[in-house]
Amino acid sequence: MMSRTRSRIAVAGLVAVLCSSTPGFVGVATAAPCAQLDDQRGWGQPVWCAEFDDFLDPNEWAVYDSPGHAGNGRRSPGQLFLGDGALFLYGTPDGTTAGLAARYTQQYGRWETRIRLYPGAGSYHPVALLWPAGGGGGVKPNGGEEIDFLEVIDDPERQRPNFFMHSPQGRQEAHASLDMTTWHTYAVETSPEGVVGYIDGQEWFRSDIAVTTPMSACLQLDWFPGEGSEGEAWMEVDWLRIYALT
């Protein structure tokens with residue numbers, strides 16, 4: 001258990017269940033305000049930002065309240081916490097965990113998030129991913145497209161990041177060695193030329209397969225019982241920023 005002060009997210013009136021019965025998820029265009037940033041990479045200024053300083057606006061986020069990954073465990077809004085300018089996702093030993101999706105969607109552009117992980121159960125997979133609009137939270141998107149620009153699998157010490165791109169053409173992947181218990185940025189770029197993944201601004205994945213639909217960013221702590229050591233897990237997110245393709 002981490003000795004950091006956390007305040008539980010106020011969820012009354014906030015939760016939006018992300019499932020096939022919630023058609024209102026698609027196409028919400030609210031843009032979270034962005035501070036002016038030093039544009040060192042030529043990406044321009046973000047068009048959408050989440051700094052996790054105060055609360056989760058239901059116009060900007062869909063918080064999962066549903067069965068867990070593959071029907072295992074439960075995704076609960078009560079497993080999300082805000083504190084010290086960060087968002088925490090917490091998974092308990094019985095598979096009660098958390099996930100949420102940004103409502104902002106775009107087909108081409110760049111998504112970047114700053115994440116720190118903590119040693120924990122290997123059965124928990126911290127994931128930052130893109131789904132076609134309306135996917136996530138256990139809902140398989142049409143077309144079979146999915147981009148996991150960070151996924152950790154059966155790795156209790158959080159030392160091996162993975163990139164997985166799923167498309168109708170099959171799966172492509174990349175792997176690295178990295179101490180994810182310290183802060184790192186993970187980013188993905190989609191364009192008509194394909195998909196590129198970055199860790200701390202350095203390319204580590206490239207594909208010439210382009211996505212075919214608008215995508216939304218999701219942050220999930222997914223439970224895979226029986227696939228790794230049991231126990232609890234934490235995932236800490238400092239911010240999420242989305243850029244248009246310039």
Side-chain angles (χ1 to χ4, degrees), residues 18-19 25-26 48 50 60-64 66-70 72 75 79-80 87 89 91 97-117 124-155 158 160-168 170-176 178 180 184-191 194-199 204-207 209-224 227 233 235-243:
L18 187 57
C19 63
F25 172 78
V26 179
W48 192 98
E60 297 168 356
W61 291 100
V63 177
Y64 303 169
S66 64
H69 179 269
N72 295 312
R75 287 180 171 128
Q79 299 307 107
L80 291 171
L87 172 71
L89 293 78
T97 185
L100 70 170
R103 295 181 180 272
Y104 187 89
T105 65
Q106 60 184 18
Q107 182 171 355
Y108 299 134
R110 300 178 177 98
W111 292 257
E112 185 173 38
T113 184
R114 187 171 187 255
I115 292 175
R116 176 168 62 179
L117 304 177
Y124 270 106
H125 293 197
V127 190
L129 69 154
L130 300 184
W131 284 92
V139 179
K140 199 69 175 177
N142 293 330
E145 293 180 316
E146 174 186 343
I147 301 174
D148 307 305
F149 61 100
L150 170 66
E151 182 169 4
V152 181
I153 299 174
D154 191 9
D155 181 7
R158 311 315 193 208
R160 182 177 167 83
N162 303 280
F163 190 110
F164 297 104
M165 179 176 173
H166 305 266
S167 72
R171 187 176 84 174
Q172 297 173 287
E173 58 192 74
H175 314 278
L178 185 73
M180 292 175 286
H184 296 281
T185 62
Y186 306 89
V188 60
E189 173 188 298
T190 64
S191 74
V195 174
V196 184
Y198 301 91
I199 295 179
W204 72 306
F205 174 88
R206 179 174 289 269
S207 170
I209 298 174
V211 300
T212 61
T213 65
M215 309 291 277
S216 60
C218 305
L219 301 167
Q220 300 174 186
L221 186 58
D222 291 345
W223 189 50
F224 288 72
E227 300 183 22
M235 176 179 178
E236 183 179 4
V237 185
D238 187 16
W239 44 256
L240 170 69
R241 295 167 183 162
I242 302 176
Y243 300 78

Test applied, side chain to side chain contact (heavy atoms under 4.5 Å, CB included); reference residue, Glu112; option that passes from Tyr186, Phe149, Trp239: Trp239
Value rounded to 0.5 Å, distance of CG in Leu100 from CG in Leu221: 11.5 Å
Rounded to the nearest 0.5 Å, how far does OG1 of Thr113 lie from CD1 of Ile242? 10.0 Å
Quick check: closest heavy atoms across Gln107 and Thr213, and the distance to 0.1 Å? CG-O, 3.6 Å
Separation of Thr185 OG1 from Ile199 CD1 (nearest 0.5 Å): 8.5 Å
Any donor-acceptor N/O pair, Thr190 side chain to Gly109 backbone, under 3.5 Å: yes
Show the numbers, then the answer: is there a side-chain contact (heavy atoms from CB on, under 4.5 Å) between Met180 and Asp155? CA-CA 11 Å; Met180 292 175 286; Asp155 181 7; 3.9 Å; yes
Mind running side-chain contact (heavy atoms from CB on, under 4.5 Å) on Thr97 and Leu89 for me, showing each step along the way? CA-CA 7 Å; Thr97 185; Leu89 293 78; 5.8 Å; no
Less than 6.0 angstrom separating the ring centers of Trp111 and Trp131, yes or no? no
Rounded to the nearest 0.5 Å, the OG atom of Ser191 sits from the CZ atom of Arg110 at a distance of 8.5 Å
Shortest non-hydrogen separation from Ala102 to Trp48 and the atoms involved: CB-CH2, 3.8 Å
Asp148, Val195, Ile147 screened by side chain to side chain contact (heavy atoms under 4.5 Å, CB included) with Leu130, the one that passes: Ile147
Test of understanding: with side-chain contact (heavy atoms from CB on, under 4.5 Å), list the residues that count as partners of Asn162, not counting sequence neighbours. Ile153, Arg160, Phe164, His175
Is Glu60 salt-bridged to Arg103, cutoff N-O under 4.0 Å? no
Where Pro126 and Met235 come nearest, the two heavy atoms and their spacing: CB-SD, 3.9 Å
Look at the aromatic rings of Phe163 and Phe205 and report parallel, tilted or perpendicular, splitting at 30° and 60°. parallel
Gln220 vs His125 side-chain heavy atoms within contact, under 4.5 Å: no
How many angstroms lie between NE2 in His184 and CG in Leu150, if you round to the nearest 0.5 Å? 10.5 Å
Over all heavy atoms of both residues, which pair between Ser216 and Pro132 is shortest? Give the atoms and the distance, please. OG-O, 4.4 Å
Over all atoms of both residues, closest heavy-atom pair of Arg158 and Ala233: NH2-CB, 3.7 Å
With sequence neighbours left out, write down each residue that passes side-chain contact (heavy atoms from CB on, under 4.5 Å) with Glu227, or none if nothing qualifies. Phe224
Rounded to the nearest 0.5 Å, how far apart are CG of Asp222 and OH of Tyr64? 8.0 Å
Which atom pair, heavy atoms only, marks the closest approach of Cys218 to Ala101? SG-CB, 3.6 Å
Does the side-chain contact (heavy atoms from CB on, under 4.5 Å) test come out yes or no for Leu129 and Glu151, once each step is laid out? CA-CA 8 Å; Leu129 69 154; Glu151 182 169 4; over 6 Å; no
